[in-house]
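Protein chains get the first letters and strands the later ones, always in sequence-line order, with residue 1 at the start of each.
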Amino acid sequence: MKQRVSTLLREKFGREVVLEKPKDRSFGHFATPIAFSIAKELKKSPMAISEELASSFNENDVFSSVESVKGYLNFRLSENFLSDYAAWALTNPGEFGKQEKREKILLEFVSANPTGPLHIGHARGAVYGDTLLKLGRHLGYDITAEYYVNDAGNQIDLLGLSIQLEGRATLLGEAVEYPESYYRGEYLASLVNGAVEKFGKEILSDESRQKELALWAKDKVMDIIVKDLGDLNIFFDTFVYESSLYDDWERVLAKMGEGVYEKEGKTWIASEIHGDEKDRVVVREDGRPTYLAGDIVYHNQKFERSYEHYINIWGADHHGYISRVKAAVEFLGYESKKLEVLLSQMVSLLKDGEPYKMSKRAGNVILMSDIVEEIGSDALRYIFASKKCDTALEFDLAEFKKQDSSNPIFYIQYAHARIKTILSKSNFTEEEILASSLKGLDENADSLLFDALLLPEIIEDAFASRQVQKLPDYLKSLAASLHKFYYDCRIIGSNDEAKLLKLFMVVALSLKTGLSLLGIEAKEQMSKEED
RNA sequence: GCGCUCGUAGCUCAGUUGGAUAGAGCAUUGGUUUGCGGUACCAAAGGUCACAGGUUCGACUCCUGUCGGGCGCACCA
């Protein structure tokens with residue numbers, strides 16, 4: 001819709017035109033301050049220019065009026081244009097807001113270590129990434145969702161040790177000393193049981209079998225993670241295992257050529273010349289590659305799979321890591337600007353007004369799965385999708401548990417359910433409703449129709465700017481418009497019943513499509529709570 | 001100390017590539033159709049957009065500085 005208008009104006013004026021939605025609908029559907037920007041070069045006042053431009057528009061299919069107000073140029077879309085568009089959307093509901101962008105994108109997100117279940121902090125990046133994925137796919141991008149599994153290094157050894165200690169303490173009744181870094185949590189108990197079943201009790205006391213135990217356990221933990229993500233309606237196309245990458249290290253090292261050098265018996269990457277604070281070690285003195293080495297091989301592999309664009313969603317605590325990975329990408333001979341790293345900020349928790357520190361190793365984490373069980377996937381997804389991801393988020397644990405109207409997801413769901421209810425109450429059939437005309441709507445109805453048809457622009461904007469929260473914001477305001485309209489205007493029994501129901505169907509389509517892009521199913525009816 | 005990032009209503013957050021009177025929800029207060037689900041709607045109150053400069057016809061938005069919060073500054077992952 002906006003695209004259509006902006007193309008039209010570009011042709012007419014021979015330049016890009018800034019289009020915005022006026023805050024006050026009485027100003028029209030779209031507006032542009034173009035007169036201000038060209039006032040200087042034309043040496044005329046903005047008022048005069050906009051007057052002139054406004055009168056230069058003739059009768060036209062798209063606009064019913066073009067007005068000049070205080071230097072702004074305000075456009076009102078014609079009934080024909082709006083009603084045709086709405087009718088098209090209703091007969092092609094699956095196509096509403098779709099585009100065919102086609103670009104191949106690799107989207108890496110979550111990538112939490114397989115040493116324990118996902119906690120509530122992981123949920124934010126997971127929801128953000130998955131929402132971006134759904135938006136992008138709707139726009140026709142060919143996106144692969146990938147999870148990088150850090151199944152190598154000390155942390156995996158530590159997982160093996162942790163299971164042994166847990167087992168020896170709880171199952172064998174030994175008194176054990178827990179090191180500072182030891183992992184804790186309920187999941188360890190189930191891993192102990194699983195391990196004993198598979199390997200027998202001996203494995204708990206045999207230090208030489210720690211590695212074997214760890215390798216088995218990390219796969220079990222991944223199973224838990226995948227299941228928890230599935231409960232949030234999040235699914236990955238591919239998993240890449242860090243442990244599988246090191247075989248390729250020598251080749252990748254050679255590929256970086258001048259970018260790496262030997263010093264003090266170690267191998268370094270000259271990342272400083274690409275903007276890093278200093279050069280970094282990639283192979284230690286004892287010959288073991290560092291974690292960065294794994295990431296370098298991984299990114300080389302990504303680029304060898306040749307996508308047009310790469311998006312990584314990392315926790316904000318990794319931001320210092322961006323420049324060294326980009327440096328490596330450059331040394332490998334690829335364009336680092338194709339790699340876009342988005343940071344998902346920390347989620348800090350408050351409990352009874354006091355900061356609540358989670359630590360995986362202290363065992364006091366708030367598990368994502370517990371929250372999903374308590375408030376449901378829809379509410380959790382909405383909460384995280386509706387916050388800009390680059391601000392640190394702070395909330396009280398109690399807020400999470402509230403399942404009332406303070407969570408706008410119920411408000412939006414109710415709007416959708418309301419439409420479905422009223423449609424089922426009407427005596428008109430769906431055919432009759434679809435056959436009716438959307439012309440001759442009053443100002444409020446016209447405004448609601450326009451709002452509902454705005455979804456495609458919101459989707460495109462939300463994805464392009466990576467500002468996923470624009471979609472939930474839009475849905476909330478569309479729901480508010482619907483509720484208000486419903487309150488002000490009696491539908492059933494009115495002369496315009498079929499016409500208004502058709503309008504409502506457009507709103508429902510917009511709500512449903514928008515919700516599905518948030519990974520949330522639109523409800524046909526709300527369950528009544530008696531209390 | 002250095003780097004990144006954030007600072008908008010009592011709280012949680014929006015604010016369209018710089019544009020018209022800075023907006024929602026929650027919380028508070030007061031209202032609402034002898035009508036389609038009141039899980040709704042309306043209204044009041046609440047702001048020096050952290051502070052100070054600068055650029056511009058125009059700044060919450062861009063630039064500089066100050067203050068404050070978060071994160072990072074490993075041969076750990």
Distance between [atom1] atoms of [N] and [M] (Å, rounded):
N	M	atom1	value
B:rU28	B:rC71	P	32 Å
B:rC60	B:rC51	C1'	14 Å
B:rA24	B:rU16	C1'	16 Å

Heavy atoms only, 4.0 Å cut-off, all strands: where does [X] land among base, sugar-phosphate and nothing?
X	answer
A:Ala417	nothing
A:Asp279	nothing
A:Lys70	nothing
A:Gln525	base
A:Thr290	sugar-phosphate

Assigned partner base of [N], Watson-Crick or wobble definition, under 3.5 Å:
N	value
B:rC49	none
B:rG1	B:rC73
B:rA20	none
B:rC67	B:rG7
B:rA44	B:rU28

So does [X] get a side-chain nitrogen or oxygen closer than 4.0 Å to the phosphate oxygens (OP1/OP2) of [N]?
X	N	result
A:Lys2	B:rU16	no
A:Arg418	B:rG38	yes
A:Arg284	B:rC76	yes
A:Tyr321	B:rC71	no
A:Lys470	B:rU16	no

Heavy-atom nearest nucleotide on RNA chain B taken for A:Leu343 and for A:Cys489; more 5' hit belongs to A:Leu343
Would you kindly compare A:Phe30 and A:Gln469 by the position of their nearest RNA chain B nucleotide and give the one closer to the 5′ end?
A:Gln469
In whole Å, what is the span from the CZ atom of A:Arg124 to the P atom of B:rU12?
13 Å
Tell me whether the rings of A:Tyr148 and A:Tyr298 are parallel (<30°), tilted (30 to 60°) or perpendicular (>60°).
parallel
Does the plane of the ring in A:Trp314 sit parallel, tilted or perpendicular to the ring in A:His299? Use 30° and 60° as the thresholds.
perpendicular
Does any N or O donor sit under 3.5 Å from an N or O acceptor when you compare the side chain of A:His319 with the base of B:rC71?
yes
Report the nucleotide, chosen from [options], that has the shortest atom-to-atom distance to any side-chain atom of [X].
X	options	answer
A:Asp317	B:rA20, B:rC71, B:rU39	B:rC71
A:Val18	B:rA20, B:rU17, B:rG15	B:rU17
A:Lys21	B:rG15, B:rU16, B:rA40	B:rU16
A:Pro22	B:rU39, B:rC57, B:rA20	B:rA20
A:Val69	B:rA77, B:rC36, B:rA20	B:rA20
A:Tyr291	B:rC57, B:rU12, B:rA77	B:rA77
A:Phe36	B:rU12, B:rG38, B:rC57	B:rC57
A:Asn154	B:rC71, B:rA77, B:rG19	B:rA77
A:Asp473	B:rA77, B:rC76, B:rA14	B:rA14
A:Asn150	B:rA77, B:rA14, B:rG38	B:rA77

Side chains of A:Ser336 and A:Glu330, donor plus acceptor under 3.5 Å:
yes
Do the numbers put A:Arg184 on top of the ring of A:Tyr182, so that NZ or CZ is under 6.0 Å from the six-membered ring centre and no more than 45° off the axis?
no
Is A:Arg76 close enough and on-axis enough to A:Phe63, meaning under 6.0 Å and within 45°, for cation-pi?
no
Pair A:Thr32, A:Glu20 - check side-chain hydrogen bond (donor to acceptor under 3.5 Å, both in side chains), show working.
CA-CA 6 Å; A:Thr32 175; A:Glu20 56 198 36; over 6 Å; no
Between B:rA40 and A:Tyr414, is there a base-stacking contact, meaning the centre of the base's six-membered ring lies under 5.5 Å from the residue's ring centre while the planes stay under 30° apart?
no
Hey, is A:Tyr72 doing a stacking thing with B:rA20, by the 5.5 Å centroid and 30° angle criteria?
yes
Show your working on side-chain hydrogen bond (donor to acceptor under 3.5 Å, both in side chains) between A:Asn312 and A:Lys302 and close with a plain yes or no.
CA-CA 11 Å; A:Asn312 291 357; A:Lys302 279 186 176 180; 2.8 Å; yes
